[in-house]
Amino acid sequence: MECRTAHNGPPPTAATDPPPEDSRAGPHGPAPSGLTRVPVGLVVLVGPPASGKSSFVRALIARGCIDEDAVVSSDEIRAELFGTAPTEAHADAADAQIFMERDRRIVARLAGGHTAVAESTNVTSQARTRLIAIARRFDAPVTMLRFNPGLCVLLEQHAERDRTDITTADIHAVATVMALHADTDQLRSEGAHVVHDVPGRRQGVTPAEAATHFSFI
């Protein structure tokens, strides 16, 4: 099935996690066909490591829904600038350089009238506020996509990945922050124009299937 539109123009537990909200009734969705429309602008992915963000955007790219250049990944920038992870003594300086470069790339996309997808955890209000401020410079709408599969699924997906730089304790910690600071109401209060929950393994949906739910205008 082809993507409907592919143009980018000018700690909780599985037992206690609520099911994802149906937040598609925002100002840009659903599309008449049932697809959730994502307007040209800034798309902020929000979710812990191993929540499925990278797999989802790879599926969007494979379907032709977004350009590969639309995705601005802090992990990929880290690899470009430093190769392996920088030493702990230089971690703060490295992070500052990584996110300055990320911001530069997002600015370039939005200034050209194109969609920019900010792929990092973005579970804190501070991280999202920085991104929203960039979008406001260009009057670009902000769409936030939440990845909240629950702790059990997170740990399961983490175990399947070859990531030695992220520990189980890291997953627990980031999931806890997201539970406290990244619910739908919080994201909207910060300036998101619309918030959507991306389905995943907990709903029996693969990343490729999840990608079919969204239409990038």
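All values derive from a computational prediction rather than experimental measurement.
To the nearest 0.5 Å, atoms CZ (R78) and OG (S120) are separated by 10.5 Å. Considering CD of Q186 and OG of S125, their distance stands at 5.5 Å, rounded to 0.5 Å. The distance from atom OG1 of T129 to atom CD1 of I134, rounded to the nearest 0.5 Å, is 11.5 Å. One distance of note links CG of D165 with CG of D162; it measures 9.5 Å at 0.5 Å rounding. Rounding to the nearest 0.5 angstrom, the gap separating the CG atom in L187 from the OG1 atom in T143 is 11.5 Å. Distance CD1/I66 to NE2/H114: 14.0 Å, rounded to 0.5 Å.
The pair R58-E68 does not count as a salt bridge, with every side-chain nitrogen at least 4.0 angstrom from each carboxylate oxygen. A salt bridge does not link D183 to R146: none of the charged nitrogens lies less than 4.0 Å from a carboxylate oxygen. A salt bridge does not link E190 with R136: none of the charged nitrogens is closer than 4.0 Å to a carboxylate oxygen.
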task: Show your working on salt bridge (charged side-chain N to carboxylate O under 4.0 Å, His left out) between D69 and R105 and close with a plain yes or no.
output: CA-CA 9 Å; D69 290 344; R105 296 183 188 187; over 6 Å; no
message: Set out, in order, the CA-CA distance, both residues' side-chain angles and the distance that settles side-chain contact (heavy atoms from CB on, under 4.5 Å) for S51 and L154, then state yes or no.
response: CA-CA 6 Å; S51 59; L154 276 175; 3.7 Å; yes
message: Apply side-chain contact (heavy atoms from CB on, under 4.5 Å) to residues R201 and E156 and explain how you reach the verdict.
response: CA-CA 10 Å; R201 184 175 296 183; E156 183 180 287; 2.5 Å; yes
- request: Dump the intermediate steps for side-chain contact (heavy atoms from CB on, under 4.5 Å) on I166 and R161, then the final yes or no.
  value: CA-CA 10 Å; I166 298 174; R161 306 195 310 167; 3.7 Å; yes
message: Does L145 form a side-chain contact (heavy atoms from CB on, under 4.5 Å) with F56? I'd like the steps, not just the answer.
response: CA-CA 11 Å; L145 302 182; F56 175 73; 3.8 Å; yes
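V44 is connected to F138 through a chain of hydrophobic side-chain contacts under 4.5 Å among Ile, Leu, Val, Met, Phe, Trp and Tyr, so both are in one cluster. In this structure, V177 is a member of the same hydrophobic cluster as V195, with clusters built from ILVMFWY side-chain heavy atoms closer than 4.5 Å. Residues L180 and L151 do not share a hydrophobic cluster, defined by chaining ILVMFWY side chains whose heavy atoms lie under 4.5 Å apart.
Residues L42 and I106 form a side-chain contact, since some pair of their non-hydrogen atoms from C-beta on lies under 4.5 Å apart. Annotation: side chain of P49 is in contact with side chain of V174 (closest heavy-atom distance under 4.5 Å). Side chains of R128 and M144 form a contact here, defined as non-hydrogen atoms less than 4.5 Å apart. By the 4.5 Å heavy-atom criterion applied to side chains, L81 and Q97 are counted as neighbours. In this structure the side chain of V71 reaches within 4.5 angstrom of the side chain of I61, judged on heavy atoms. Between D67 and R109, some side-chain heavy-atom pair lies under the 4.5 Å cut-off. Taking the side chain as every heavy atom from C-beta outward, V38 and S215 never approach each other to under 4.5 Å. Between F214 and C65, the closest side-chain pair of non-hydrogen atoms is not below 4.5 Å.
When all heavy atoms of A208 and R63 are compared, the pair lying nearest together is O-CD, 4.3 Å. The shortest non-hydrogen separation linking P207 to A59 is O-CB, 3.7 Å. Here the closest heavy-atom approach between residue A135 and residue L110 is recorded as CA-CD1, 4.0 Å. Pairing each heavy atom of P48 with each of M178, the nearest pair is CD-SD, 3.5 Å. S74 and I98 make their closest contact through O-CG2, 3.7 Å (heavy atoms, listed as atom of the first residue, atom of the second, distance). Smallest separation of non-hydrogen atoms from R163 and H158: O-CE1, 4.0 Å.
Evaluated for a side-chain contact (heavy atoms from CB on, under 4.5 Å) with V72, the options V43, D103, I77 yield exactly one hit, I77.
Here the side chain of K53 pairs a donor or acceptor atom with the backbone of G47 at under 3.5 angstrom. Within the 3.5 Å criterion, the main-chain N or O of A50 finds a donor-acceptor partner in the side chain of Q157.
For the residue pair S73 and D75, no side-chain donor N or O sits within less than 3.5 Å of a side-chain acceptor on the partner.
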